[in-house]
Amino acid sequence: MEDKLFIIAIGGTGMRCLESFVHLCAAGMFDNKTIDILTLDTDQANGNKGRVESLINLYNKVKTNDSQNIGGMPRSDTFFSAKLNLYKFFTDYSTPSRRTYAQLSDTNSLSQEKRDDNRDLSDLFFDHDSVQQFPLDHGYRAQTHLGSLLMYHGIMEAAIKAKRGGDDVKPHEKELQEFLQLLNQNASNSRVFVFGSVFGGTGASSIPVIPIALRDALKVITAGNNELNLNNVKFGSTLLTDYFTFDMPDDKQISKDKVVADATNFALNSQAAMTFYDDDLTVRNSYKMLYHIGWPSSMKINYSQDHSGDVITGGQDQKNSCHFVELMSASAAYDFFTREDLSQAKAEYMFRSVELAGANNREALRLTGASFVGDKEGPLFEQKLGSLLSLSHLILSRYKGGQDGVCGTIEFLKDLKARNVDAYKDIPDEQARDLDAYLKEYAYQFVNGNLAPGWLHQVNQSIGQGSFIFDPDALSTKPDTLRKVDPGAIYSDDKYNWEAGFGLGSKADKRLSKFIDILKSNDSASTEQQGNTLKERFLGLLYKSIAKAQKTSHLNR
């Protein structure tokens, strides 16, 4: 029996890792898979959380227009092939009586003597004037000793409320219950991958306690009849160490916020967390695979440069740019989900080295598909990401969908009709605009004439002077260059680029003409495996045609 797949993304960094994972799904890396996803944070309004949840909703709108079955069915050999089910949960610290640990742990119903004992115990473990006083709704701010306690408490509290039922059970608590029940139904054949960092607060706090918190919450929800045996469920996780920095907060912000994570301590935090995880029996016995992912300290991005004023601790303003290590983390999930044997009893640590090139072999990374998924799967990785990038440039560059007020998919469909490919002319404009919107998230768009880089462009920018599979012009930061990109010539390795046909016009025009000839020939073949709706069949046709133009059809499984 094939294992059921689950993702849990925790904290701001975990959300950005999930963002990379969703884009891998859009590129077709998870054919015929249904993946259930839980976003888990203390910060309901976190910008990275909201961004990836919106991305998943957009993914599902693009994948199918079946309102009775959101996200449609899992498919193969097409874009958006995996079916994604999203569940959202956050530990709620929004009310005045729950904003700080001191308020949350206040025990008014006890005698004064017991209340004094409770405060003394809290003061023994948590500094009274700082750790017990900072607002919890923006995360645990590198206070992992506090965060582990409160994350476990938050999950258990939600389980108790969900079990009790009634009108006071909130939607996010119901969604946690649904996710847990689904996990319980597949307890004997499930793989759960956790995205989170080990240098901050929420992710580092949660990775050690997630397995036992899920198990114990299910004991509550099922009245002790849960099937979640931690010896059977296969857990994996990223151990993502510090890869960015930000400026020191000033005294005014520290006085206001009580505790603000100090980026100068991130390396030490990572080291301490890794030492703890290696010794902790829960981590060692619950997790099958732990993927250690790091980044050179000399290449860290300063996220303070995106803002002015206070250090951003959370909320809507926390929308950090995407990064190479988050794509590496998503690739770790791919390894975990596709690995055949996970029978080892205790956690196995994994890492992958990346080739260096350039001056003194120090800071220029040379990244190929093998850098992310190994030599065997590397060409498939390059083909999948490149296929979606070719489609992006076809719609956004060639048919000008990256410009304000232009829908490239609508313009492309018009051109196809003019070239006697009119089977898809009835795709509604709204669905065409959804595809444009997703490709802008994946690649880029122009806003008031200025470049707004999407996910893949941000990942490319994070590696500095390194090379990343594609021709530099295909991921340029110059608007004029992007407007002229040839969708059939995006790879650094010319073997993947489309061949040009005969006739008049530029080489890009000839490549497009030959691509449309390929598309016409594929259109006569059956595409039922790509979907039942017109839009799904169109996406499948585009995928097959691009793969054939790339001469990579043999790589598809």
Side-chain angles (χ1 to χ4, degrees), residues 23-24 26-28 62 78-80 322 369 381-404 406-416 419 432-447 449-461 467-501 505-519 538-539 541-552:
H23 286 305
L24 289 187
V62 172
T78 187
F79 297 115
F80 305 92
C322 302
F381 185 90
E382 294 177 1
Q383 179 256 319
K384 298 279 191 179
L385 260 67
S387 291
L388 194 53
L389 183 59
S390 283
L391 178 59
S392 298
H393 280 303
L394 181 69
I395 298 301
L396 304 178
S397 300
R398 180 75 191 201
Y399 290 96
K400 306 186 185 309
Q403 310 290 336
D404 290 330
V406 178
C407 179
T409 303
I410 290 176
E411 297 304 315
F412 178 48
L413 290 169
K414 289 179 181 177
D415 192 29
L416 288 180
R419 297 173 187 250
R433 293 190 182 97
D434 288 339
L435 179 57
D436 269 44
Y438 192 95
L439 297 177
K440 290 174 183 178
E441 294 292 333
Y442 182 77
Y444 74 92
Q445 63 181 305
F446 299 115
V447 179
N450 298 315
L451 175 66
W455 169 76
L456 194 61
H457 276 64
Q458 292 173 28
V459 169
N460 183 62
Q461 290 173 23
S467 61
F468 175 51
I469 302 174
F470 305 108
D471 184 279
D473 283 353
L475 296 172
S476 176
T477 59
K478 299 176 181 178
D480 287 344
T481 300
L482 286 177
R483 291 187 182 100
K484 299 175 184 176
V485 169
D486 179 353
I490 63 165
Y491 286 97
S492 297
D493 189 341
D494 194 55
K495 71 180 181 181
Y496 290 136
N497 290 328
W498 305 354
E499 292 181 359
S506 66
K507 195 168 186 178
D509 292 337
K510 294 175 184 177
R511 281 196 177 101
L512 179 62
S513 293
K514 185 161 186 177
F515 169 72
I516 291 178
D517 287 340
I518 292 172
L519 188 145
F538 180 59
L539 289 171
L541 175 64
L542 290 172
Y543 180 90
K544 288 173 61 179
S545 300
I546 291 174
K548 189 170 182 179
Q550 290 174 333
K551 303 172 287 293
T552 56

Please list, one pair per line, the donor and acceptor atoms closer than 3.5 Å that link side chains of residues 467-477 to other protein atoms, with sequence neighbours excluded.
| residue | atom | partner | partner atom | Å |
| --- | --- | --- | --- | --- |
| Asp471 | OD1 | Asp473 | N | 2.8 |
| Ser476 | OG | Lys478 | N | 2.9 |

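Across every non-hydrogen atom of Val447 and Ala452, the tightest pair is CG2-CB, 4.0 Å. Counting all heavy atoms, side chain and backbone alike, Ser513 lies closest to Arg419 at OG-NH1, 3.7 Å. Smallest separation of non-hydrogen atoms from Phe381 and Leu24: CE1-CD2, 3.9 Å. For Tyr444 against Leu451, the heavy-atom pair with the smallest separation is CB-CD1, 3.7 Å. Closest approach of Leu519 to Ser545, counting heavy atoms only: CA-OG, 3.3 Å. Across Ala443 and Ser392, no two heavy atoms sit closer than the pair CB-CB, 3.8 Å.
Under the rule for a side chain to side chain contact (heavy atoms under 4.5 Å, CB included), Lys484 has no partner lying at least two apart in sequence or in another chain. Listed by chain and residue number, Leu58 satisfy the side chain to side chain contact (heavy atoms under 4.5 Å, CB included) test with Ala437 (two or more places apart in sequence, or in another chain).
Thr78 has its side chain out of reach of Lys544: every pair of non-hydrogen atoms, C-beta onward, lies at least 4.5 Å apart. Considering only heavy atoms from C-beta on, Leu413 comes within 4.5 Å of Phe538 through its side chain. Using a 4.5 Å cut-off on side-chain heavy atoms (C-beta onward), Leu456 and Asn460 make no contact. Counting heavy atoms from C-beta outward, Val406 and Asp436 have side chains that stay 4.5 Å or more apart.
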### Query
Can Leu435 and Leu539 be said to form a side chain to side chain contact (heavy atoms under 4.5 Å, CB included), step by step?
CA-CA 10 Å; Leu435 179 57; Leu539 289 171; 4.2 Å; yes

### Task
Test side chain to side chain contact (heavy atoms under 4.5 Å, CB included) on Ser390 and Trp498 and set out the steps.
CA-CA 10 Å; Ser390 283; Trp498 305 354; 4.0 Å; yes

### Task
Evaluate the criterion salt bridge (charged side-chain N to carboxylate O under 4.0 Å, His left out) for residue pair Asp517 and Lys514; output intermediate values, then yes/no.
CA-CA 5 Å; Asp517 287 340; Lys514 185 161 186 177; over 6 Å; no

### Message
For a side chain to side chain contact (heavy atoms under 4.5 Å, CB included) check, start with the C-alpha distance between Phe446 and Lys440, then their side-chain angles and the critical distance, and finish with the verdict.
### Response
CA-CA 9 Å; Phe446 299 115; Lys440 290 174 183 178; over 6 Å; no

### Query
Should Ile546 and Phe515 be marked as a side chain to side chain contact (heavy atoms under 4.5 Å, CB included) after you check the CA-CA gap, both sets of side-chain angles, and the distance that decides it?
CA-CA 7 Å; Ile546 291 174; Phe515 169 72; 3.6 Å; yes

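Rounding to the nearest 0.5 angstrom, the gap separating the CH2 atom in Trp455 from the OH atom in Tyr438 is 8.0 Å. With values rounded to the nearest 0.5 angstrom, His393 atom NE2 is found 10.5 Å from Leu388 atom CG. We find the CG-CG distance between Leu394 and Leu389 to be 11.0 Å, quoted to the nearest 0.5 Å. Taken from CG in Leu542 to CZ in Phe79, the straight-line distance is 6.5 Å, to the nearest 0.5 Å. Residue Leu512 holds its CG atom at 4.0 Å from CD1 of Ile516, rounded to the nearest 0.5 Å. With values rounded to the nearest 0.5 angstrom, Gln445 atom CD is found 10.5 Å from Gln403 atom CD.
Listed for the Lys551 side chain is a donor-acceptor partner under 3.5 Å among the backbone atoms of Asn497. In terms of modelled atom types and a separation under 3.5 Å, the side chain of Glu411 and the main chain of Tyr399 share no donor-acceptor contact. With Ser387 contributing its side chain and Ala547 its backbone, the two residues share no donor-acceptor pair below 3.5 Å. Tyr491 places a side-chain N or O within 3.5 Å of a backbone atom of Glu382 that can act as its donor or acceptor partner. Judged by distance alone, with hydrogens and angles left aside, the side-chain atoms of Asp415 form no donor-acceptor pair with the main-chain N or O of Phe412 at under 3.5 Å. Side-chain atoms of Asp434 never come within 3.5 Å of backbone atoms of Val62 as a donor-acceptor pair (strictly under, hydrogens ignored).
In Lys400, the NZ atom is not crowded: 12 or fewer heavy atoms of neighbouring residues, nucleotides or ligands sit closer than 6.0 Å.
Using a cut-off of 4.0 Å between Lys/Arg side-chain N and Asp/Glu carboxylate O, Arg511 and Asp486 are scored as salt-bridged.
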